[in-house]
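Every chain is numbered from 1, with letters handed out A, B, ... down the list of sequences. Just so you know, these numbers use all the heavy atoms, side chains as well, and skip hydrogens, waters and symmetry mates.
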4 protein chains.
Amino acid sequence: MGVTMDGTKQQRRGNTRQRIQDVALELFAEQGYEKTSLREIAERLDVTKAALYYHFKTKEEIIVSLFEDLTQPIQELIDWGQGQPHTLETKQEIVRRYSRALAGAEPLFRFMQENQATVRELRIGDSFKDKMRDLRDIVIDPESSLVEQVRCVSALFTLHAGMFVMQDLEGDFEKRREAVLEVALDLVRQAHEGARRES
Amino acid sequence: MGVTMDGTKQQRRGNTRQRIQDVALELFAEQGYEKTSLREIAERLDVTKAALYYHFKTKEEIIVSLFEDLTQPIQELIDWGQGQPHTLETKQEIVRRYSRALAGAEPLFRFMQENQATVRELRIGDSFKDKMRDLRDIVIDPESSLVEQVRCVSALFTLHAGMFVMQDLEGDFEKRREAVLEVALDLVRQAHEGARRES
Amino acid sequence: MGVTMDGTKQQRRGNTRQRIQDVALELFAEQGYEKTSLREIAERLDVTKAALYYHFKTKEEIIVSLFEDLTQPIQELIDWGQGQPHTLETKQEIVRRYSRALAGAEPLFRFMQENQATVRELRIGDSFKDKMRDLRDIVIDPESSLVEQVRCVSALFTLHAGMFVMQDLEGDFEKRREAVLEVALDLVRQAHEGARRES
Amino acid sequence: MGVTMDGTKQQRRGNTRQRIQDVALELFAEQGYEKTSLREIAERLDVTKAALYYHFKTKEEIIVSLFEDLTQPIQELIDWGQGQPHTLETKQEIVRRYSRALAGAEPLFRFMQENQATVRELRIGDSFKDKMRDLRDIVIDPESSLVEQVRCVSALFTLHAGMFVMQDLEGDFEKRREAVLEVALDLVRQAHEGARRES
DNA sequence: AATGAATGAGGGTTCATTCAT
DNA sequence: AATGAATGAACCCTCATTCAT
């Protein structure tokens, strides 16, 4: 029942879990986590609230699942980076790939950025912080001065800012991303050179 | 009869209004706006919820009042900056003062940073965005290339990041603030020089 | 203090009780008793809620006082009527005077008409019902048939309807009042004649 | 599985919706709309307040639903009346049927009568006023004098008065209804004859 | 795979009222 | 004659969650 030749209905039925995630992410990113109610999500999907509970045990689990799915590229990036030598080239490649990862899951990262207080209280909070720290530790040279360390962190956060707060600068999304990337790479290079000068 | 030594309005009022603001800011910064209930605020103050409504018409008005009170230094900074020539020195002075302003109202800015989604929906949202843009426009050279513009925004954002996300770097608060400031000033200088080279 | 030569301020201050009654009646008639809050009344008068409590012990007392003040003409009418012989002329005079009394305290009677459920629960409820019954018993001939009795009640009720529900009929207020009065007088006359025919 | 003999929607729903309406009408008629709280309704039904919200979006919607359900006979009466010639017989038939309709939904009409101020602010207010006007316009002869028009409106309002304010006259409900009806029919006849005499 | 019906807890808000000053 | 500050009770409403079907 409900299985048609071309499978449209089945597809629509079959991937409800996915559809919940899509709608939830959209709404979470738009209005925040607490202001988005399950009723709202359910209504947009034209199912009942109870249906959501068939697929997810709690509201929190919805966002956890989103986080786990969409954060995987970041984890892979970390895994890759940790296996590389701490050269400038590695660091810059990390920055390049991170920029791409952010762009690839923009709504999630916008959500994380704009709902930090919420995220902190959620189960994902620590996990996310860990990833951020891992990433930072690849880019940072632990023996360098505090100023150079800040430069590195600044590089990473410049990427974030580029995603979420520079939307009224001139240029389209891609142009902006390139400019942001250039600044970030520059920061990393300066930090690297600064560290060499110190030692 | 409620008239104290200095006789300020706040104090004549039995300073409950002020106490509400203090507790509210503390809780808002700690748990976020939506997760903080008026019941909670009232309980901490050992008054009833209704008492809050004697001093503030709505929950939103509490945070608006906080914003208006604590954001004043930023506005003064903007006013000052808009009256200065667009020299490198001006820009750097803006950065220095902004860093101090952020440090002076840390809980509020932490709150704004961590509850952007909430803030966006509040009445203060636009007002805050305006201030940020004003500030940016003082530091940015509108004729410079996109990259140099990004560098400026990055400078400002580095100050934010320094406040709220670098807490596990080595060094105490003041040391960190100095390092962050140095990086931000550097970014502004680079942007300024970059712009001159272009033209 | 506050006493000026021409006494304007004093007057304004001196008759606060009256002003409360005026504003209260206006708002009660407009929005109903329960939907009108003391805050609203106080705000219109530019005093605090607590000031109302200097003049009236409770919200209910405000409306009771209005009722007692404005209902006096009706009571006088009843007193007069009960001392007259039960002639047609007496009955019609009652109707004429009642019509005038209604017109003279229109907001109060509109309020009574439109908030019967509320009035019923108030202390004034019974008192008002009593007056209505007294009035009716003057107009009605207790030995006449039920139909003729209904005609009399209908006469009184027509006066009410004329006040409050015929506002979109043609003619101005006074024209309408005359027409309504004519119909009511007619009903009383018919009832009177009907009763004579029966006996 | 909730499917009963006649299988109506109401009953399949476990008829809670219907029960809410019943209890609500009873309480609204008894105490008025504002003085009846949802807590009270819920308690009588031995469900939680939240359950009410499953069936009705707001408190107002409860009364709107009652109005829409119980007012239907009036609407049908209007529809019928508007298709008939404006003869005396039609008018009198309207009056007869209206009397029956009022008797058939007494609690609702008592409520409307006794809570006019409330009703006016509700969504149903205008709709009800419209119906009253439609009804009136069927009974009234627009070319007749104001007095005769008043007589017609008076006829309709006599029916109301008969429902709600003549309860302490002698006779049982049905006897009273007949007497009231007779007076109302008489008024319509007089208005009709008066109009013919005029032209 | 999903619904209908309901719950318990809590939300922000408003009210009439009080009382020391 | 009136205010400032506060209270307690209640209000309507929304939420995440549950569970039998």
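Qualifying salt bridge (charged side-chain N to carboxylate O under 4.0 Å, His left out) partners for Arg44(A), counting only residues two or more places apart in sequence or in other chains: Glu26(A). In this structure, the side chain to side chain contact (heavy atoms under 4.5 Å, CB included) partners of Lys49(D), at least two apart in sequence or on a different chain, are Leu38(D), Arg39(D), Ala42(D). Gln116(D) is linked by a side chain to side chain contact (heavy atoms under 4.5 Å, CB included) to Gln113(C), Glu114(C), Gln116(C), Gln113(D), counting only residues two or more places apart in sequence or in another chain. The ring-ring contact (aromatic ring centres under 6.0 Å, His included) search around Phe111(A) returns Phe28(A), not counting sequence neighbours. By the ring-ring contact (aromatic ring centres under 6.0 Å, His included) test, Phe67(B) pairs with Phe128(B), sequence neighbours left out. Residues meeting the ring-ring contact (aromatic ring centres under 6.0 Å, His included) test with Tyr53(A), sequence neighbours left out: none. Remark: Glu60(D) pairs with no residue by the salt bridge (charged side-chain N to carboxylate O under 4.0 Å, His left out) rule, at least two apart or across chains. Residues passing the side chain to side chain contact (heavy atoms under 4.5 Å, CB included) test with Gln72(B) are Glu76(B), sequence neighbours excluded. With sequence neighbours left out, the side chain to side chain contact (heavy atoms under 4.5 Å, CB included) criterion links Ser65(C) to Arg17(C), Gln21(C), Phe56(C).
Rounded to whole Å, atom P of dC15(E) lies 13 Å from atom CG of Leu52(C). In this structure, Phe56(B) atom CZ and dA5(F) atom P are separated by 12 Å, rounded to whole Å. Atoms CD (Gln18(B)) and P (dA5(F)) sit 14 Å apart, rounded to a whole Å. Atom CG in Asn15(C) sits about 15 Å away from atom C1' in dA2(F), given to the nearest Å. We find that CD1 of Ile41(D) is positioned 16 Å from P of dA10(F), with the value rounded to whole Å. When rounded to the nearest whole Å, the span between CD of Glu43(D) and P of dA10(F) equals 10 Å. One interatomic measurement links the two molecules: CG of Leu27(C) to P of dA16(E), which rounds to 12 Å at whole-angstrom precision.
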**Message:** For nucleotides 13-20 of chain F, give me one character per nucleotide, 5' to 3': B if any protein heavy atom sits under 4.0 Å from the base, S if the only such contacts are to the sugar-phosphate, - if neither.
**Reply:** BBBBBBB-

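The side chain of Ala51(A) sits closest to dT3(E) out of dT3(F), dT7(F), dT3(E). Considering only side-chain atoms of Thr48(D), the nucleotide from dG8(E), dT3(E), dT3(F) that sits closest is dG8(E).
Within the 4.5 Å cutoff, side-chain heavy atoms of Leu70(D) are placed close to those of Leu25(D). Between Ile20(C) and Leu45(C) there is a side-chain heavy-atom pair separated by less than 4.5 Å.
Residue Tyr54(A) has a polar side-chain atom (N or O) positioned under 4.0 Å from OP1 or OP2 of dA1(E). His55(A) has a side-chain polar atom (N or O) that falls below the 4.0 Å cut-off from OP1 or OP2 of dA2(E). In this structure, Thr16(D) reaches the dA6(E) phosphate: one of its side-chain N or O atoms is under 4.0 Å from OP1 or OP2.
In the region residues 114-128 of chain D, proximity to DNA chain F at under 4.0 angstrom, judged on heavy atoms, holds for none of the residues.
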**Message:** Taking Watson-Crick (N1-N3 plus N6-O4 or O6-N4) and G-U wobble (N1-O2, O6-N3), each under 3.5 Å, can you produce the dot-bracket string of DNA chain E? Use [ ] for crossing pairs and | for inter-strand ones.
**Reply:** .||||||||||||||||||||

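Cation-pi geometry between Lys35(A) and Tyr33(B) is not satisfied (NZ or CZ under 6.0 Å from the ring centre, within 45° of the ring normal).
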